[in-house]
Structure formats: structure tokens, C-alpha cells
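Have a look at the structure below, then the notes.
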Protein chains: 2
Amino acid sequence: MAKIAVRQRTSCGCVSTVSIRILYLRRRRGSNRFDDRIDGRVRSSAMSTRRATISDVAREAGVSPSTASVVFSGKTPVSDATRKRVLDAAASLGYTGPDPRAASLRTGRSGIVGVVFEEHLGAAFLDPVKTLMMDGLTEAVAPLGAGLLLLRDQEPVAGGPSLTSAPIDAAVLVGCSGLLRESLDVVRSRGIPVVVIEGDAGEGVPRIGLDNREAQRQAASHLRSLGHERVAIVTLPVRTGWRRGWIGDADITIDVTRARLDGARDVYPDAVAFAAAGSFIDEGLAAGREIFADPEQLPTAVIAQSDLLAAGVIRAAEEAGLRVPEDVSVTGFDGIVVDGLAPYDLTTLVQPAADKGRAAGQAVAAMLDGADAASVRFTCVFRLGNTTGPAQERV
Amino acid sequence: MAKIAVRQRTSCGCVSTVSIRILYLRRRRGSNRFDDRIDGRVRSSAMSTRRATISDVAREAGVSPSTASVVFSGKTPVSDATRKRVLDAAASLGYTGPDPRAASLRTGRSGIVGVVFEEHLGAAFLDPVKTLMMDGLTEAVAPLGAGLLLLRDQEPVAGGPSLTSAPIDAAVLVGCSGLLRESLDVVRSRGIPVVVIEGDAGEGVPRIGLDNREAQRQAASHLRSLGHERVAIVTLPVRTGWRRGWIGDADITIDVTRARLDGARDVYPDAVAFAAAGSFIDEGLAAGREIFADPEQLPTAVIAQSDLLAAGVIRAAEEAGLRVPEDVSVTGFDGIVVDGLAPYDLTTLVQPAADKGRAAGQAVAAMLDGADAASVRFTCVFRLGNTTGPAQERV
DNA sequence: TTGTACGCGTTATCAT
DNA sequence: ATGATAACGCGTACAA
């Protein structure tokens, strides 16, 4: 662990910032905003503790508030002389432009697109697929001039922004769990455009997704063609907050998990399935240990629902003294580059993660533009690596 | 490239969403908001095209707006009977809670913390160090109940949120380029708390940083102790928008780059330096090719300012037929896991990236709480890998 | 080109 | 526990 050296600063700006805020609050209660004025003009910018508003600027410049407003928004031509007067007044008053909150209330737009994750936000940053998706999303909303607000699908901490309480112009849902549904209704009832990535948010919400089932079926078929009979599946979480463990067919609330599982079961209806608690190498490792625990019941192949899980499974196989792919074949899903997996080159399904984000962004842009947005379904591409091989007869 | 299958939806909710918005806009211009009412009461929730406000709800429930407000905010006790009446009224009117914009204007808080990057936002997601930092930041801001708004340090696209136009309660700057400075003044003059990670935003702005110079000096000393004399340096970008190339000592506007370069120069004052355009393996590769281009001028060691750059340099060395570390030693910086680098284990400086984010979040929390926030300086830890070795006499 | 007037939807304060 | 009142700071239709 790194040591921490805290360097105490002699208090300077921070402290003054604080005191300014206190003064400000004090002013707000009971004080008349016109206290500062003498016959309609601001006494002195330096003496005012309250932050200047556009009206103050207008007054100081000797123009009307609307004119001052227009100078800042540029929505209407203003004579150069007037503009200069306003700008000068603003500078002398320390006015730094319209208050975003007020402007937002007035225009009804905030320039913010909410991105809602169903997991711990940190996890979103640690998942390569989500990272790529965010990359694409960022790119697609940039021309919109919108910023991305990271939100989590959960009961809001007091006062914090939830999907329902954040000033967003549109929302992109990543996955779509149950908890979200109610918030979603709220948002949609507000007329805020919503797009969902990898999930189902009901009728009327454009979806960006993959051919998960078909894709996973390809991997399974590949294994089948190699002669594998006894196959185990390692799935993504089956619901939020799930802890890892063997699962039956029931109670899967996460669409991706369900779809990929279905795809595998299309080929191997009876394959056992172990659900991980997240898409991490460690989770794959834990799952692999379970799967390879009983030497009498070893599968000849493992279908993992993500590359990271697959990487973990491979490690578990090595631990168990199994060679990949000689003793056990392993397939992944995602097509990301997995660190430290060399010399293995995962047999997997490559998904266009960045494209998903881009598509979501474009859908949002279209909807904000008043247009209709269609759902998009991307296709995964099967990529043959060296982690799958012919099934071996067990001695 | 993956194929794209677009599935046209029969228009449903999207379309209705759009038409609702159009009606709404139509209503706003010139129409009187009381049109819907007959002697002071709302005629019918179903017939109203305008979105219900808290006043509508109050009226419907037969209470005052303030009481209705209190029901939603919970700031004051309300009798159960009243609460129920209000909630029922809200339900019947389709009122889904206070408008965030209006609430924000009134309270002066939005529950949003802006995170400002000086690079393309996508790059932030692709940089492991930033990713980890965001992870820590997210964690630290969570108890605050705040969301993170991703912002870019650039001239705003029209209407988009910039540091100055976004409704943020606080801002975290990642790096601190020149462009940012003016926006920063604006923000600070608004009394919004600001924290800087890896950068200098002037007096009064708490900084979260590393002992970059000292750390880099450790790596250089390590090389010196191994007998290396001819050393080349691969630096991070020296300014935003910079294209790669050899650099002198001048014109470095990015603090991290400067500090690490100084650290290296403390030991090797005359080492040549090549600046990359970003922290990517490919950039390191390009830099490495330049550095290894002249067989007569080969360095025996390369100090890279990031692990990704180092990884690229190693690849370039391999390309040039140089063995690492026999022919050339390479050091990195960051201590992240670099994909596909096996069997190499980078000699590097491990920085507590997540801790940096956490510290920033805590500083923000403190400042929002009206307290003072101190600057924090983390210490990097030298980690010996297998990419450095004794200097070899060139034949 | 500039000014007037008003409302955006909410919440803090204070009195009852 | 509830209500009346007054901002919060701005944008814009319309008139001049």
C-alpha cells in the first residue's frame, strides 16, 4: 500500500470560499435583494455579497434584462455598443454568465444525458465491455453537446440524483433490472427519451442489443462439432445482488444472461450452469474451481458467458491440472483482449461493444430531435482461438 | 466488422412520446395555464395535455402547494391523512414528483459533481489509470448521494454543458490545462468547490497528486545503479493536442509530464526525450521505433512515463531485434496490468490510482460540507520487474 | 434593436 | 400540522 503524505495547506481560497457561501446564505434569509441599491443602481460591486444576476448586470449597463440576456445567449442581434456595455458591466460585477439552473428551468433543457447502470458504478469502469460502450456513447452524444451523467439503478441516497430526480434530457439504460422499472415509468411519463442497451424496458423504448442467443448457440454448436458431450456453463449474474452458485432454469431476471444461457441450452439442453456474481476473472476462477471440483464429473468443455469469466475458468483448469484445450475446451463471449491470458487465444464471440454505445447515442440524438428511433440489434462474430479442441475420451 | 441488423419497430411509444412533446410545446406558447380549469379545479387529468405541477396536485388534494411540496420532500412532518390525499391526487394527475430543474433552482443544489477531463472523453475510459481513478471517485462520492457528470475541457458545443454551464455542485478537474483556467475562474467565482487531480489550478484549489518527480527519479536511479549511461525518455503528451516528436526542455504545459521528466533528468540530465501523443501502447511503439531507428545511437535503457508506453517500447525493441532486458532495459510508470505483455513483468512505479479518486471525492465532500479540504500527495512504490537489467557493453 | 411583463415549478420562511 | 407569500434567475413573446 502506498503511503500517504498529507500536506497541510495554509488556508487560503478554500476558507474564503466557505465564508462567501455563509455570507450568501445569510443574505438569502429575510434580506431584501434591493438593499444594495440606492435609487435603482447598484451601489458597488465590491460591496455586494450576493451574487450578481443578469438583472443586476442589465441595470449596471443601463439596459433591460432581456437585452442583457440576449447578449449572453446570442439568440438575437445586439448592437456592438450595447454588447460592450453589458459585458463591461458583467465584468465589473463579477457576473460570469447565466445560472445554469435557472436557464435550465426556463428552457427545459439541461444538456445532460443520464447513463444508468444496474451495478456499482465502479464496476462499470472496470468492465472492458462497458468501457468500450461508454466510449462509443460519448462519441455519439458529443455532437449533441450533451454531457453524460453517471447514474446508478438503486434507491437514491437522500438528496442524490436518481433517474427520477436528475435534470436529464434523456436517459440511456444499461441493462434493465426490476428496480428500474418504476423509475423508468416516471421518466417516460415526463416525456424524456429513453433508450436501453442490453435489456427490455417495455414497449416503446428503443433497444440496442445483440443476437446473444444465436451467437452463444454458435459457440455451443462449435463445441458439439468437436464432439463434446459433457458441457458446463458459467453464466453472468442472474439478478442484481446475486451471489455465485449453481442455478436451475428459474429465476433469471437479467436478459443477457437468459439469452446466452438459452443459446447454449439450444445445443446442450442438460448442461449444468454455474452463475457468477459478476464478469470478472476471479469469478470465473471460482466458478471453474466448482466445476472442476469433482474428478468423476469433469466436463470436457466449458461455455463461459464472458471472456473474463473464461479466463478465470482457464486458470481454474490449470490449477486442476487440466490442459486447455486438450483436456477441456473453453469458450468466452465479448471478444475483448484479456490481460495475461497468453499464450491462450480465446475462442469467443466478438461483440461490437463500442457500436452499441454509438447506436444508443444516436438513438437519443434522434429522439431529442423529435424523430423516432428504431431498435438496433447487432450481430456477434464467432472467432476461433486455441482454447477449443476435439473432445477427448476420458480414461 | 459486425453486421448490423436493424429491426424496424412498428411505431408505438416513441411516436406517442413525440406527439406528447409537440402538444406540450404548442401549449406553452400563448396558452394560458388555467385553460384546463373550471372554477379553480382541474377538469380532468386525462384531458390535460400540460404536465401537472405540484400546484395542480395541491389544488386537487385541497391543500396548499407548500404542504404538497413537503409531502414529497419529507422535510416537515405531515399528517397521514393529508399525505394520502396529496399522494392520491398526484397519482390521479400523473404527477411523478418535483421537477428537478425547478427544485434545483430553488435549493441551489443539483446533486451533481462534474468531472472534467482534458482529453477526449472516450480516452478517459480507455486509460486504465483514469478508469481506476474514476472507480475511487465514484466510491467516495456515493455517500454524498451525488452523480458524476462527465465533462470535457474544451470550448462547449452550442448548448452543451461546459464547466461553466452545467448545473454542478462541485467540480473535479483531471489534469489542468490552460484552456480550463478561465472556466475555472468562473466556477470558483460561483462559490463552487473545486479539486484538482494531477494538476495545478492555482492557490486555494486543493490538489490530489503524486510524488511524480521523486518516483521517476527512483526508476532512473535504479537504471543508473545497473550501469546504464545512455538513456532515452518517452514522455506523456507535453500539451493538449500535441503530436508526437522529440522535445527539448521547453514548452511542457502538462504538470505530470514535466514532473516525471524532471525526475528522470535529475539522474540523466542529458537524456533525449520523445513525447508521445497519449498514453497508449501504439504511441509507445511509435516512440520506440524512433528511438531504436539509428543503430549507431541505441540507448541501453528507456524510461517511459507510463506502463502502456513502456509496453509499446518493448514491442518496438523486439521489432528492432533487441532483447529486453539484455540489450535494452525499459521502465514504466503506473503499475497497471498491461495486456499481452507476458512474459514481461514491467519494472515500474505503482501509483495508487483509485486512492487518488477517492481522495478527490472526499475533498469534494468536505468542501460541500462547508469544511476546508487539504491537498493530498500520494507516494508511488517502486516495483522491480524483469524488464530492467545490467547495462551491456555494446560491441 | 430594445424594453415590458410574465411565467417556468419549486421551496424556505414565517405566521397561524 | 398547515397555509400564505415571496423569491430563485432567467428567457421570450410581444409591443414599441
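A note on names: the letters A, B, ... follow the listed sequences, proteins ahead of strands, and every chain is numbered from 1. Atom set for the values below is all heavy atoms of this structure, side chains included, hydrogens, waters and symmetry mates excluded. None of these values were measured; they are calculated from a predicted model.
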**Request:** Please state how far atom CG in A:Leu93 lies from atom P in D:dG9, giving the value in whole angstrom units.
**Result:** 14 Å

**Request:** Report the distance from atom NZ of B:Lys75 to atom C1' of C:dT10, rounded to the nearest whole Å.
**Result:** 12 Å

Distance-only donor-acceptor pairs under 3.5 Å for side chains of residues 166-174 of chain A, two or more places apart:
residue	atom	partner	partner atom	Å
A:Asp169	OD1	A:Ser110	N	2.9
A:Asp169	OD1	A:Ser110	OG	3.2
A:Asp169	OD2	A:Ser110	N	3.1
A:Asp169	OD2	A:Gly111	N	2.6

**Message:** Between B:Asp99 and B:Arg101 (side chain of the first, backbone of the second, donor and acceptor by atom type, cut-off under 3.5 Å), is there such a pair?
**Reply:** yes

**Request:** Would you mind listing every ring-ring contact (aromatic ring centres under 6.0 Å, His included) that reaches into residues 70-89 of chain B, with sequence neighbours excluded?
**Result:** B:Phe72-B:Tyr95

**Residue A:Pro98, side-chain atoms from C-beta onward, closest of D:dC10, C:dT2, D:dT12** = D:dC10

**d(CG, A:Asp99; P, D:dG11) in whole Å** = 9 Å

**Request:** Report which part of the nucleic acid B:Thr82 touches: base, sugar-phosphate, or nothing (heavy-atom distance under 4.0 Å, all strands).
**Result:** sugar-phosphate

**Item:** A:Ser69 (side chain) donor-acceptor with A:Pro65 (main chain) under 3.5 angstrom
**Value:** no

**Fill in**
When B:Ala81 and B:Ala102 are each assigned the nearest nucleotide of DNA chain D, the 5'-most assignment goes to B:Ala81

**Item:** Atom-to-atom span, CG of A:Asp80 to C1' of C:dT1 - whole angstrom
**Value:** 12 Å

**Nearest-angstrom distance from the residue atom CG of B:Leu105 to P of D:dG11** = 11 Å

**Complete:** Between CZ of B:Arg59 and P of D:dT2 the distance, given in whole Å, is 19 Å

**Request:** Indicate the atoms forming the closest heavy-atom contact of A:Met134 with A:Val115, along with that distance.
**Result:** SD-CG1, 4.0 Å

**Asked** Can you check whether A:Ser69 has a side-chain N or O nearer than 4.0 Å to OP1 or OP2 of D:dG11?
**Response** yes

**Residue that, paired with B:Leu184, satisfies side-chain contact (heavy atoms from CB on, under 4.5 Å) out of B:Val116, B:Val194, B:Thr164** = B:Val194

**Item:** Between C1' of C:dT1 and CZ of A:Arg83, the distance in whole Å
**Value:** 12 Å

**Prompt:** Should the pair A:Arg85-A:Asp88 be classified as a salt bridge under the 4.0 Å nitrogen-to-oxygen rule?
**Reply:** no

**Prompt:** When the distance from CZ of A:Arg109 to P of C:dG9 is rounded to whole Å, what number comes out?
**Reply:** 15 Å

Polar atom pairs (N or O), protein with nucleotides 4-6 of chain C, under 3.5 Å:
residue	atom	partner	partner atom	Å
C:dT4	O4	A:Ser66	OG	3.3

**Asked** So what does A:Val70 touch, heavy atoms closer than 4.0 Å: a base, only the sugar-phosphate, or nothing?
**Response** nothing

**Request:** Give one of base, sugar-phosphate or nothing for A:Phe72, where a contact means two heavy atoms less than 4.0 Å apart.
**Result:** nothing

